[in-house]
Amino acid sequence: MHTYRTHTCGQLDKSHIDETVKLSGWVHKKRDHGGVLFIDLRDTYGLTQCVVDEESPLINEIDKWRNESVITIIGKVRARAEGTDNDKLSTGAIEVYISEAEMQSEADILPFQVAEDDGTGEDHRLKYRYLDLRREKMQKNIRLRNNVIRSIRERMYEQDFQEFQTPIMGASSPEGARDYLVPSRLHPGKFYALPQAPQQFKQLLMMSGFDKYFQIAPCFRDEDGRADRLAEFYQLDVEMSFVTQDEVFATLEPVLYNTFAQFSDFTGEKRTVTETPFPRITYKDAMLKYGSDKPDLRNPLEIVDVTSVFERDDVEFNAFKNVIKKGGVVRAIRAPGVGEQPRSFFDKLNSWAQSEGAPGLGYIIIESGAGKGPIAKFVPEAATDELKKAAALEDGDAVFFICDLERKAAKMAGMARDKICDAMDETGIKTRETGCYKFCWIVDYPMYDLDEHTAKIDFSHNPFSMPQGGLKALNTKDPLDILADQYDCVCNGFELASGAIRNHKPEIMEKAFGIAGYSLEVLEEKFGGMLNAMRYGAPPHGGIAYGIDRIVMILADEPNLREIYAFVMNGQYEDLMMGAPSEPNAEQLKELHLKLNLPKPKTESNEEKKRA
RNA sequence: GCGGGAGUAGUUCAGCUGGUUAGAACGCAGCCCUGUCACGGCUGAGGUCGCGGGUUCAAAUCCCGUCUCUCGCGCCA
């Protein structure tokens with residue numbers, strides 16, 4: 001007989017009755033009835049009920065074994081007593097009558113219960129992650145992660161992509177986030193940067209002639225966290241030679257569609273996935289209609305521009321008119337069928353808008369063809385008719401207004417669109433679609449935009465993107481009017497991927513960076529390796545990078561990324577289990593030629609608490 | 001850096017219009033129980049109410065400060 005087990009804890013059924021088996025696993029739960037003791041033995045494959053009764057001398061010993069101890073038992077498989085089958089377990093028709101039992105590793109008193117998901121605080125879960133990971137939900141999530149990555153990898157291989165590894169310690173890459181730096185012992189005062197993405201390497205692989213690259217690549221960005229953002233994360237990084245934007249989409253759409261379709265019932269509810277080809281929305285349209293470049297298309301509400309209505313001479317709403325005079329716009333969101341809602345429905349939305357720094361969220365209700373509500377009196381019949389036409393308003397609808405300078409108005413309207421949708425759902429008017437993964441491409445990003453604070457022209461996205469119209473566009477057009485072959489892939493309001501057709505011509509790169517204020521010297525210093533490579537025959541190429549973690553998070557229907565990583569840092573980017581980051585010792589600092597210049601601590605308690 | 005929420009037993013929470021000894025569930029220790037699978041029953045241990053200060057005869061509760069976690073903004077694709 002095997003030292004530890006003949007079967008797993010999820011394996012036994014009626015076909016094994018009368019066999020003597022050996023099982024190893026964790027004591028999941030015990031139920032002690034005095035004369036009979038049940039033990040649920042658990043491993044990653046399932047639970048098996050093991051029994052011992054007072055006829056056995058083992059009962060007193062086993063009864064003392066604490067939950068989460070690791071044990072090995074030998075026993076005979078038998079059918080459960082009539083009427084005591086457990087349909088919830090795959091092994092629910094049988095039990096194992098224990099004849100021998102061995103303690104492998106005793107568990108201390110637990111900091112929290114493993115067998116039940118009692119909402120234990122995240123800091124505890126992360127500190128004792130190995131216990132947290134034993135729980136059913138985490139076991140499932142991590143398995144999903146594994147399966148998703150495997151599925152994606154196989155789909156990429158099917159399309160003849162080669163998988164690469166690229167350096168972790170390298171030079172700064174062109175993404176705009178802060179780098180994590182690693183000091184060099186051999187080169188005093190110099191640092192490696194951890195990759196924000198393998199951007200330059202994958203482009204260089206194209207220039208090396210590999211044609212189709214992919215990697216499940218670790219990426220590092222030193223910016224504050226969010227529920228869907230971590231310091232380190234993984235991307236499905238892809239690059240292809242001699243392709244157009246259409247070909248990149250056609251390559252990745254089936255990978256995403258099939259992967260999502262494959263795992264779309266993970267939560268127990270089968271969800272639909274947008275059929276390919278995914279709809280394409282230009283950046284400009286997205287900002288107008290959804291107020292965001294990552295629109296949640298499950299929300300059917302759309303934004304329209306109604307500036308012209310409020311510009312009319314017969315409309316006397318100066319609160320808007322004055323903003324329009326300063327170059328502002330008015331955006332409207334139709335909320336169908338909310339005309340009957342109580343005043344509190346509108347007041348709540350209004351105070352939400354104020355909490356976001358807007359003066360308010362004006363609205364008009366359409367009743368019997370006419371406008372109603374606090375600002376309706378400023379909008380006469382003819383103007384109301386124009387408004388109805390612009391926003392497709394019908395009796396019983398309300399329309400909400402946002403008025404501000406364009407960029408702010410678009411963003412605010414985007415948030416209001418979401419908030420109104422939620423408010424409608426809350427009142428029982430089902431608005432947001434459920435049970436679906438709604439994909440789209442956002443295309444035609446501007447190559448440049450104006451930095452809000454410095455008013456300088458800067459790259460709006462990836463600086464290596466190909467400007468539409470090439471060098472000619474750079475030479476002749478207003479930089480702010482130039483679009484790039486740059487695209488994002490969006491699902492349910494999450495930006496899943498970002499990519500571009502790259503610029504492969506050194507003269508375009510020089511010009512493009514010049515417009516953004518980078519001199520040739522700076523360009524050579526920062527990206528000289530790649531610029532040089534372009535001078536020796538670079539193929540046209542393009543690619544994309546998907547956030548693997550976000551994909552898994554959405555499929556698992558989890559609210560944050562920490563639920564789909566085995567080991568992960570908290571919101572402050574600390575590893576509570578392993579104690580990272582930690583202070584280097586004096587010897588390490590000396591070897592690295594570093595001296596610390598620390599800010600004064602506000603109080604002592606923080607560090608002391610951490611040490612405790 | 002800014003804003004919202006949270007911090008009470010090992011864990012999850014209640015208590016918060018100030019007023020006996022701060023409660024419950026799970027867990028833990030002991031006892032009882034032969035068919036449970038959220039087993040059940042009895043007994044018990046376990047608390048600097050995040051920390052510091054203030055108001056008061058009296059503070060978990062009110063006020064001020066501070067720390068930590070979390071969500072969001074800024075930042076970042």
Side-chain angles (χ1 to χ4, degrees), chain A residues 28-40 47-55 59 64 66-68 80-89 91-92 95 107-128 131-132 174-179 196-197 199 219-231 233 235 293-294 352 355-357 411 415 442 445 452-453 459-462 486-490 494-500 544-547 550 559-560 562 570-572 574 576 601-610 612:
Chain A
H28 186 67
K29 272 202 160 170
K30 287 184 307 192
R31 291 175 294 283
D32 178 2
H33 291 253
V36 60
L37 171 66
F38 298 101
I39 293 180
D40 290 335
L47 285 177
T48 301
Q49 175 164 287
C50 305
V51 198
V52 61
D53 59 27
E54 61 190 354
E55 283 166 32
I59 188 165
K64 288 183 203 138
R66 216 175 260 136
N67 285 353
E68 296 307 313
R80 291 201 186 188
E82 179 112 15
T84 62
D85 284 13
N86 185 346
D87 298 339
K88 285 183 244 168
L89 297 181
T91 60
E95 63 191 11
D108 239 325
I109 294 171
L110 300 164
F112 53 77
Q113 294 316 110
V114 170
E116 53 199 81
D117 198 350
D118 60 356
T120 309
E122 254 192 350
D123 20 3
H124 282 98
R125 292 177 54 206
L126 292 176
K127 183 169 178 189
Y128 302 97
L131 289 180
D132 186 42
E175 289 78 13
R178 293 186 187 90
D179 287 319
Q196 296 184 28
Q199 183 65 35
C219 304
F220 306 85
R221 292 177 192 172
D222 184 9
E223 297 292 347
D224 290 6
R226 289 286 185 277
D228 63 349
R229 238 167 60 192
L230 289 171
F233 58 99
Q235 286 189 339
D293 65 349
K294 43 178 182 174
W352 163 80
S355 75
E356 291 293 330
K411 198 178 165 190
M415 290 194 286
I442 307 297
Y445 275 81
E452 266 179 89
H453 309 292
F459 295 108
S460 74
H461 273 63
N462 188 320
Q486 162 91 36
Y487 35 85
D488 279 7
C489 185
V490 174
F494 289 95
E495 182 201 301
L496 280 194
S498 195
I544 192 161
Y546 277 86
R550 285 185 184 170
N560 70 62
R562 291 183 291 277
N570 70 1
Q572 314 307 311
E574 296 163 302
L576 300 174
K602 275 184 221 154
T603 63
E604 300 285 319
S605 68
N606 181 11
E607 285 304 313
E608 277 171 14
K609 207 173 167 182
K610 292 261 164 66

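Below, chains carry the letters A, B, ... as their sequence lines are ordered, and counting in each starts from 1.
- Of the candidates B:G74, B:U34, B:G10, B:G74 carries the atom nearest the A:K411 side chain, counting heavy atoms from C-beta on.
- Look at the C1' atom in both B:A45 and B:C26: the space between them is 16 Å, to the nearest Å.
- Toward the 5' end of RNA chain B, the nearer of the two residues A:T84 and A:R550, judged by each one's closest nucleotide, is A:T84.
- Between B:U11 and A:H124, a contact under 4.0 Å exists linking OP1 or OP2 to a side-chain N or O.
- Of the side-chain N and O atoms in A:K29, one or more sit less than 4.0 angstrom from OP1 or OP2 of B:C39.
- OP1 and OP2 of B:U36 both lie 4.0 Å or more from every side-chain N or O belonging to A:R31.
- Of the candidates B:U36, B:U12, B:C26, B:U12 carries the atom nearest the A:D118 side chain, counting heavy atoms from C-beta on.
- The CG atom of A:L47 sits 10 Å away from the C1' atom of B:C37 (whole-angstrom rounding).
- The base of B:G35 sits within donor-acceptor range of the side chain of A:E95, with an N or O pair under 3.5 Å.
- Using a distance-only test at 3.5 Å, with no hydrogens or angles considered, a donor-acceptor pair links the side chain of A:T91 to the main chain of A:L47.
- Classification of A:R229 and A:E223 as a salt-bridged pair fails, no side-chain N sitting under 4.0 Å from a carboxylate O.
- Base pairing of B:C57 is made with B:G19, judged by Watson-Crick or G-U wobble geometry with both donor-acceptor distances under 3.5 Å.
- Rounded to whole Å, the P atom of B:A59 lies 36 Å from the corresponding atom of B:G27.
- Rounded to a whole angstrom, the distance from the P atom of B:C49 to that of B:C62 is 15 Å.
- Stacking here means ring centres nearer than 5.5 Å and ring planes tilted less than 30 degrees, and by that measure A:F38 stacks onto B:U36.
- OP1 or OP2 of B:C37 has not a single side-chain nitrogen or oxygen of A:K30 nearer than 4.0 Å.
- Here, B:G7 and B:G15 have their C1' atoms 15 Å apart, quoted to the whole Å.
- Taking atom P in both B:A14 and B:A25, the straight-line distance is 16 Å, to the nearest Å.
- Side chain of A:Y487 to main chain of A:I442: no donor-acceptor pair is present (N/O by atom type, distance under 3.5 Å, no hydrogens or angles).
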Review item, nucleotides 70-72 of chain B N/O atoms under 3.5 Å of protein N/O:
| from | atom 1 | to | atom 2 | distance (Å) |
| --- | --- | --- | --- | --- |
| B:U70 | OP1 | A:G571 | N | 2.7 |
| B:U70 | OP2 | A:Q572 | NE2 | 2.9 |
| B:U70 | O3' | A:R562 | NH2 | 3.3 |
| B:C71 | OP1 | A:R562 | NH2 | 2.5 |
| B:G72 | OP2 | A:A227 | N | 2.9 |

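- Here the side chain of A:R125 pairs no donor or acceptor atom with the backbone of A:T120 at under 3.5 angstrom.
- When atom types are taken as modelled, the side chain of A:R80 and the backbone of A:G92 share a donor-acceptor pair closer than 3.5 angstrom.
- Going from the C1' atom of B:C31 to that of B:C63 covers 50 Å, rounded to whole Å.
- The gap from the P atom of B:C39 to that of B:G44 amounts to 24 Å, rounded to the nearest Å.
- A:R221 contributes no side-chain N or O that, together with a main-chain N or O of A:R178, makes up a donor-acceptor pair within less than 3.5 Å.
- Contact annotation for A:S498: base contact, defined as any heavy-atom pair under 4.0 Å involving a base atom.
- Under the Watson-Crick or G-U wobble criterion, with both distances below 3.5 Å, B:U36 has no partner in any strand shown.
- The base of B:C33 lies close enough to the side chain of A:D32 for a donor and an acceptor atom to sit less than 3.5 Å apart.
- Atom-to-atom distance recorded for A:K29:NZ and A:N67:CG is 8.0 Å, nearest 0.5 angstrom.
- Looking at heavy-atom distances under 4.0 Å, A:T91 makes no contact with the nucleic acid at all.
- Scanning atom types as modelled, one donor and one acceptor separated by under 3.5 angstrom connect the side chain of A:D224 and the base of B:G74.
- Contacts of A:D87 with the nucleic acid, taken as non-hydrogen atoms under 4.0 Å apart, are absent.
- A:G121 comes within 4.0 angstrom of sugar-phosphate atoms only, judged by non-hydrogen atoms across all strands, and of no base.
- Place A:M415 and A:G176 on RNA chain B by their nearest nucleotides, and A:M415 ends up nearer the 5' end.
- A straight line from CD of A:E68 to C1' of B:C26 spans 14 Å, rounded to a whole angstrom.
- Side-chain atoms of A:D179 and A:Q196 form a donor-acceptor pair, as typed in the model, at a separation below 3.5 Å.
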Please enumerate all protein N or O atoms sitting under 3.5 Å from an N or O of nucleotides 28-31 of chain B, with distances to 0.1 Å.
| from | atom 1 | to | atom 2 | distance (Å) |
| --- | --- | --- | --- | --- |
| B:A29 | OP1 | A:R66 | NH2 | 3.4 |

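- Side-chain N/O atoms of A:R31 and A:Q49 include a donor and acceptor closer than 3.5 Å.
- Here the nucleotide nearest the side chain of A:R221, chosen from B:C76, B:G74, B:U34, is B:C76.
- Remark: the backbone N or O of A:V36 is not paired with any side-chain donor or acceptor of A:E54 at under 3.5 angstrom.
- A:R80 comes within contact range of at least one nucleobase, with a heavy-atom separation under 4.0 Å.
- When distances run from any side-chain atom of A:K88 to the nucleotides B:G10, B:A38, B:C75, the shortest one goes to B:A38.
- Going from atom CZ of A:F38 over to atom NE2 of A:H33 covers 5.0 Å, rounded to the nearest 0.5 Å.
- The CG-P distance, from A:D123 to B:G10, rounds to 15 Å in whole Å.
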